[in-house]
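Here is how names work: the chains are called A, B, and so on, in the same order as the sequence lines, proteins then strands, and each is numbered from 1. Since this is a predicted model, take the numbers as computed values, not measurements.
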Amino acid sequence: MIEWSKTTIKEFQTSLLGWYDENHRDLPWRHDQDPYHIWVSEIMLQQTQVNTVIPYYERFMRLFPSVEKLAQAPEEQLLKAWEGLGYYSRVRNMQRAAQQLLQDYDGKWPQTKTGLQELVGIGPYTAGAIASIAFNQPEPAVDGNAFRVFSQLLEIEADITKPQTRGIFETVIRKIISKDRPGDFNQAIMDLGASFMTAKNSDNAHSPVRQFNQAYLDGRLDEFPVRSKRLKPVDKHYFALVIKTPQGYLFQQRASNELLAKLWTFPLIDGDKLKEEYPDLNEDTLSKTIESKFAAETEIKTDLQLVDAPVVKHTFTHQKWHVTLMSTELQDQPDLSHFAGQIANVEQFTTLAWPTLQKKLWSAYQKRQIKLF
DNA sequence: CACGCGTGGAC
DNA sequence: TGTCCAAGCGT
């Protein structure tokens, strides 16, 4: 059993930081200690892989190079910059925090972990990351990597999906973290978690800290971290209405309290709710039912046809959507005064933030089979 | 506390 | 195909 004495801790820090000095990744947000750069990168990296983030980060910094620019940006431009990254509340919260910083903090960053957590969107992990990397505070930054690395090093059996467990890891890391180089220490743990100590296909035999890894020495790597299984996504069914008018396609902005808030999609009809209201719905009555439902909301008359294309499937964290396309082409421009949406021509598509679901819908619609008579 | 919230990569 | 994972947070 490894004894984590002061000497062991020192040796661990030396091995870890020595390896990091020689092998750390050159990432765009590692070029300085600017808290704005660290912050943006940490928000983007939440539940998102490094390779995905890099181009988004570069573009975001060109568009919004400072807290001030971020605070002043139009929301649609922010969402467009975030398009495809997912968890879109991250960027809306980031703008709120930027405004908070300017108005309530006179533009000066709080430099402690607890102070940073006052900003919306900054939780215990991100606060620890900014405090340690930008402000050299000896604070733990417990993300998925830290959970995996330290659960294996110390054979910690607590379920990492339970909120209580974070405190156990923070206590352990506070004892082990380098007081001289806390930011590098935390980043070294992340690089370790992305190289030798990955979740799958790890290579602990060549890890710079293998002699400190109890689970490796015991042949018990596969037992850590302990994590309860997540629930399966629930199936949901929708109809997407592709309505082409002389001026362009109809789009709707998702409400701020629902999935994909404030992003743009074709108008969507809840198929499960429809089935509840009309239990005896069949293929013949489907079109008319949806038409009347859409007309009741928007006063727009349509003549919808099922599109000859596969049902679009899209899985979110907790929901699996099955979306059936229906389309119509209106000869006259409809009165849109009761339609809570927008018309967009193909050229205007680039200005609206599309979730991946909408990209799939558009693609399926473009590839639809043209029926020949 | 448990749950909602996106997406893409790896296998 | 499905499943799990990736620098989590707000409610």
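Side chains of A:Thr302 and A:Met326 form no contact here, defined as non-hydrogen atoms less than 4.5 Å apart. Proximity of A:Glu83 to A:Gln358: side-chain heavy atoms (C-beta onward) are nowhere separated by under 4.5 Å. Taking the side chain as every heavy atom from C-beta outward, A:Thr48 and A:Arg90 approach each other to under 4.5 Å.
Here A:Lys200 does not reach the OP1 or OP2 of C:dC4: none of its side-chain N or O atoms lies under 4.0 Å away. For the OP1/OP2 pair of B:dG9 and a distance below 4.0 Å, the side-chain nitrogens and oxygens of A:Gln49 include no atom meeting the criterion. For the pair A:Tyr56 and B:dT7, the criterion of a side-chain N or O lying under 4.0 Å from OP1 or OP2 is not met. Contact annotation: A:Thr356 side-chain N/O to B:dT7 OP1/OP2 distance is under 4.0 Å. For A:Asn186, no side-chain nitrogen or oxygen approaches OP1 or OP2 of C:dA7 to under 4.0 Å. Taking only side-chain nitrogens and oxygens, A:His314 comes nearer than 4.0 Å to OP1 or OP2 of B:dT7.
Distance from the side chain of A:Asp143 is smallest to C:dA7 among B:dA10, B:dT7, C:dA7. When each of C:dA7, C:dG2, C:dG10 is scored by its nearest atom to the side-chain atoms of A:Lys320, the top-ranked nucleotide is C:dG2. Relative to the side chain of A:Tyr87, the nucleotides B:dC11, C:dG8, B:dC1 differ in distance, and C:dG8 lies closest. Across C:dA7, C:dC9, B:dC5, the shortest atom-to-atom separation from the side chain of A:Gln319 is found for B:dC5. Here the side chain of A:Arg25 is nearest to one of B:dC5, C:dG2, C:dA7, namely C:dA7. The side chain of A:Gln47 lies closest to C:dG8 when the candidates are B:dC1, C:dG8, C:dA7.
Look at CD on A:Gln117: it is 16 Å from C1' on C:dT11, rounded to the nearest Å. Distance CZ (A:Phe316) to C1' (C:dT3): 18 Å, rounded to an integer number of Å. Going from atom CD1 of A:Ile160 over to atom P of C:dC4 covers 14 Å, rounded to whole Å. Protein atom CG of A:Leu259 is 14 Å distant from nucleotide atom C1' of B:dC3, rounded to whole Å. One interatomic measurement links the two molecules: NE2 of A:His318 to C1' of C:dC9, which rounds to 12 Å at whole-angstrom precision. In this structure, the CZ atom of A:Arg227 is 8 Å from the C1' atom of C:dC4, given to the nearest Å. Distance CG (A:Leu45) to C1' (C:dC5): 15 Å, rounded to an integer number of Å. Atom C1' of nucleotide C:dC5 and atom CE of A:Met197 are separated by 16 Å, given to the nearest angstrom.
When the P atom is compared between B:dG8 and C:dC9, the two are found 22 Å apart, to the nearest whole Å. B:dC5 and C:dA6 are spaced 23 Å apart, taking the P atom of each and rounding to whole Å. On the P atoms, C:dA7 is 15 Å away from B:dC11, given to the nearest whole Å.
Map A:Ala261 and A:Lys162 each onto its nearest nucleotide of DNA chain B; the residue landing nearer the 5' end is A:Lys162. Each of A:Lys229 and A:Leu27 was assigned the nucleotide of DNA chain C with the nearest heavy atom; the assignment lying further toward the 5' end belongs to A:Lys229. The residue among A:Thr161 and A:Leu357 whose nearest nucleotide of DNA chain B is located toward the 5' end is A:Thr161.
Contact annotation: side chain of A:Thr126 to base of C:dG8, donor-acceptor pair absent below 3.5 Å. Interface remark: the A:Thr48 side chain does form a donor-acceptor pair with the B:dG6 base, using a distance-only criterion of under 3.5 Å. Below the 3.5 angstrom threshold, one finds no donor paired with an acceptor across the side chain of A:Arg148 and the base of C:dA7.
If you check every strand for non-hydrogen atoms under 4.0 Å, A:Leu85 touches a base. Residue A:Ala129 is out of contact with every strand shown, counting any heavy-atom pair closer than 4.0 Å. Among the protein residues, A:Trp29 comes within range of the nucleic acid bases, having at least one heavy atom under 4.0 Å from a base atom. The residue A:Val53 sits apart from the nucleic acid: no heavy atom pair falls under 4.0 Å. Residue contacts for A:Asn51: at a heavy-atom cut-off of 4.0 Å it reaches no nucleic acid atom on any strand shown. No contact: A:Arg254 has no heavy atom under 4.0 Å from any strand.
A donor-acceptor pair under 3.5 Å links the side-chain atoms of A:Thr171 to the main chain of A:Gly167, judged by distance alone. The closest donor-acceptor contact from the side chain of A:Glu297 to the backbone of A:Phe339 lies at 3.5 Å or more, if one exists at all.
Partner assigned to B:dC1 is none, using Watson-Crick or G-U wobble distances below 3.5 angstrom.
Between A:Glu291 and A:Lys288 there is a salt bridge, since at least one side-chain N of the basic residue sits less than 4.0 Å from a carboxylate O of the acidic one.
In this structure, A:Phe316 has its ring center no closer than 6.0 Å to that of A:His318.
In summary, the side chains of A:Arg210 and A:Asn213 do not present any donor paired with an acceptor at a separation below 3.5 Å, with no hydrogens or angles considered.
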